[in-house]
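The block underneath contains the structure these notes are about, expressed in structure tokens.
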Amino acid sequence: MASGACGGRGLAPFMKGLLFASALAATGLAHAQSTTAPAAPAAPKDDSLTWHGITLYGIVDVGIQNQTHGAPISDYFVGGSAEIVQKNSNRSVTGVTPSNLSNSRIGLQGNEPLVGDWSGVFRLETFFNPQSGEIADALKSLAQNNGRSLATQNTNVDSSASGQTFIQSYAGFSSKTFGTFTFGRQNTVLADGIAKYDPNYASQAFSYIGISGGPAGGGDTQNRRLDSSVKYVGLFSPTTGVGAHLSAQYKFNQSTGSANTAYEVSFGGDYAGFSADVYYAKIKDAVALGALSAAQVAGLPGLCPDPVPAGGSCVSASPSNALAATISDNTSYAFMGLYNMGVLKFFGGYEHIQFANPDTPLAAGFDVAAYRVAYVNAQSGPKSTYVNDKTLQVYWGGVRYTVIPELDLVGAYYGVKQNSYGTGANAGCSTNKAGTCSGTEDIISFDADYRLSKRFDAFAGAMYSGVHDGLANGFLFHTTDITTTVGVRFRF
């Protein structure tokens, strides 16, 4: 959090300068128009906060939410609440939540013409929680619950919004003819697809694939955005209504070998209102993070004895910054599409995700953002997590109806199906006796979004979630939840 806060103060003078320059430019334009008769109709007004090709933009999204079965709202988790039923969902909760339709953010982006139709581009973007004023930091929500029982926990969920000063930070080159090449920390190809083909546009309050970052991360939410990656996006449209898409992304591990690398590709096209893409992703040493159990917290001092044996090493961590991790190699493929009929838009998608023991196991002691991984799962041998590969099938469909230009109504269904991947007594099981048994999850949502003006809208809706069989293992209190949210969003 300290780095995020410092980053915010460092940007403040520059952002104030941008606002001041924009005001001066607007004043000068108004004066010129009042003293000179226009020779032609005025050009469309550009009311963006742009100065010398650099634009300040942002979203503030905040609402009031009730969960029939939830946990106290977090100041740090990017969604505030978990939105869908969790193991710690043990009471009715009502409160103010951030980032319901869209992630609240503030950012700078730039476009500088170079030669021909080529431009230099960049983006710096920060996620924040308006109900608390904090930089979004899901890993802090986990660490705050280290050692706590399910009944005493507040909301804690893994996310790639982990307290970074910038959730995205990249630069590159863009051409309308050849596409865009960017380098840095940026959204994945899969995340771009889900934002496009989800009927709720990856809303956290009304979409399973919005609040759960696993599908957009190829299995684990930490990979919804990739550090040290190079990305290509090409959009080609020879004529109106017809087009092709091609995207690719590769994550470097800043070292040698394939550990911690990732690559994703997609291709598709548009024709007469129909748009579709196929996706493939391979993530090596994907990391899923969680809070420590009470036993793990008690064991932290023993991970780094004093003194450390000669020639030895240890994992030094405290309860305030230590986390547990599950490591896997993930492979996913997906098909997504939409059909735009004007006032009606139909959406659908399917993703198959496979989790396997990693080819290159990772030892405890590495960092994710500002947090230390103190414990990792068994990654090889007969007691490893994925002796048999785990698979998740995620599927969805929905419709968006524009009743009038200012009002959209949305209905959507999301489903999850897990295979049985246990061994021994749990081999082939289909009950809730173990998390490795086969199981399902169902999510249904309805919501409305009314645009009061170009930049300000109000929304309301509800989402039901329920887990069954193996996916309900460990849910001691409730296996269903209904989350109802009303709120407003301002975009600039």
Legend entry - Where at least one partner belongs to residues 431-484, residue pairs that pass disulfide bond (SG atoms under 2.5 Å apart), sequence neighbours excluded: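 Pairs touching residues 431-484 that pass the test: Cys429-Cys437.
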Inset, instruction - Provide the full list of disulfide bond (SG atoms under 2.5 Å apart) pairs with a residue in residues 453-487, sequence neighbours left out, each pair given once. - result: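 Every candidate disulfide bond (SG atoms under 2.5 Å apart) pair involving residues 453-487 fails, so no pair, neighbours aside, qualifies.
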Legend entry - With sequence neighbours excluded, residues passing ring pair (Phe, Tyr, Trp, His ring centres under 6.0 Å) with Tyr333: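 For Tyr333 the ring pair (Phe, Tyr, Trp, His ring centres under 6.0 Å) partners, ignoring immediate neighbours, are His352.
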Legend entry - Asp449/Arg489 salt bridge by N-O under 4.0 Å criterion: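 The answer is yes: the pair qualifies as a salt bridge.
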Inset, instruction - Inspect the contact between Arg491 and Asp61 and indicate whether a charged nitrogen and a carboxylate oxygen are less than 4.0 angstrom apart. - result: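 Answer for the salt bridge query: no.
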Minimum heavy-atom distance between [X] and [Y], given as atom pair plus value:
X      : Y      : result
Ile59  : Phe492 : N-CE2, 4.3 Å
Ala374 : Ala317 : CB-CB, 4.3 Å
Val410 : Pro199 : CG1-O, 3.6 Å
Val93  : Pro72  : CG2-N, 4.1 Å
Ser81  : Gln67  : CB-OE1, 3.4 Å
Gly439 : Asp469 : CA-CB, 3.9 Å

Legend entry - Pair listing, side-chain hydrogen bond (donor to acceptor under 3.5 Å, both in side chains) test, anchored in residues 355-368, at least two apart: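 Checked against side-chain hydrogen bond (donor to acceptor under 3.5 Å, both in side chains) - neighbours excluded - the pairs reaching residues 355-368 are Lys284-Asp359, Asn357-Ser384, Asp367-Arg372.
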For the pair [X] (side chain) and [Y] (backbone), establish whether a donor and an acceptor sit closer than 3.5 Å, ignoring hydrogens and angles.
X      : Y      : result
Asn90  : Asn88  : yes
Gln144 : Leu139 : no
Gln168 : Asn187 : yes
Asn200 : Ser207 : no
Glu134 : Pro130 : no
Gln249 : Leu226 : no
Asn223 : Gly219 : no
Ser162 : Ser159 : yes
Thr480 : Gly466 : no
Ser228 : Phe252 : no

Legend entry - Whether Tyr208 and Tyr414 hold their rings parallel, tilted or perpendicular, with breakpoints at 30° and 60°: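 Because their plane-to-plane angle lies in the 30° to 60° range, the rings of Tyr208 and Tyr414 count as tilted.
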With distance as the sole criterion, is a donor-acceptor pair present between the side chains of [X] and [Y] under 3.5 Å?
X      : Y      : value
Gln186 : Ser229 : yes
Asn377 : Thr326 : no
Asp329 : Thr331 : no
Asn154 : Tyr76  : no
Lys196 : Ser275 : yes
His468 : Asn432 : no
Thr94  : Asn66  : yes
Tyr350 : Gln393 : yes

Please examine the side chains of [Y] and [X], heavy atoms only from C-beta on, and report whether any two atoms are closer than 4.5 Å.
X      : Y      : result
Glu264 : Ser247 : no
Asp481 : His478 : no
Tyr280 : Val189 : no
Asn146 : Val297 : yes
Tyr421 : Phe355 : no
Gln65  : Asn100 : yes
Val85  : Ser465 : yes
Thr440 : Gln418 : no

Legend entry - Set of side chain to side chain donor-acceptor pair (under 3.5 Å) partners for Ser266, sequence neighbours left out: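 For Ser266, no residue satisfies side chain to side chain donor-acceptor pair (under 3.5 Å) once neighbours in sequence are set aside.
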Legend entry - With Lys251 via side chain to side chain donor-acceptor pair (under 3.5 Å) - residues at least two apart: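 Per chain and number, Lys251 pairs via side chain to side chain donor-acceptor pair (under 3.5 Å) with no residue.
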Rounded distance [0.5 Å steps], [atom1] in [X] versus [atom2] in [Y]:
X      : Y      : atom1 : atom2 : answer
Asp442 : Ile84  : CG    : CD1   : 11.5 Å
Ser445 : Ile482 : OG    : CD1   : 12.5 Å
Trp396 : Tyr197 : CH2   : OH    : 10.5 Å

Legend entry - Test side chain to side chain contact (heavy atoms under 4.5 Å, CB included) applied to Leu150 and Leu476, step by step: CA-CA 9 Å; Leu150 292 176; Leu476 305 179; 4.0 Å; yes
Inset, instruction - Tell me whether the centres of the aromatic rings in Phe475 and Phe477 are closer together than 6.0 Å. - result: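 Here the rings of Phe477 and Phe475 have centres that are no less than 6.0 Å from each other.
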Heavy-atom neighbours of [X] [atom1] exceed 12 at 6.0 Å:
X      : atom1 : answer
Ile64  : CD1   : no
Phe267 : CZ    : no
Lys417 : NZ    : no

Write out all pairs satisfying salt bridge (charged side-chain N to carboxylate O under 4.0 Å, His left out) with one or both partners inside [range], taking only residues at least two apart or from two chains.
range            : answer
residues 212-233 : Arg185-Asp227, Asp192-Lys231
residues 79-108  : Arg105-Glu125
residues 379-390 : none
residues 143-169 : none

Inset, instruction - Just grab all the ring-ring contact (aromatic ring centres under 6.0 Å, His included) pairs involving residues 438-465, residues at least two apart or on different chains. - result: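 Checked against ring-ring contact (aromatic ring centres under 6.0 Å, His included) - neighbours excluded - no pair reaches residues 438-465.
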Inset, instruction - Kindly determine whether Ser132 and Asn129 satisfy side-chain hydrogen bond (donor to acceptor under 3.5 Å, both in side chains), including the steps that lead there. - result: CA-CA 6 Å; Ser132 64; Asn129 287 8; 4.6 Å; no
Inset, instruction - Identify, with sequence neighbours excluded, every residue that meets side chain to side chain contact (heavy atoms under 4.5 Å, CB included) alongside Val343. - result: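 With neighbours one apart ignored, the set is Tyr401.
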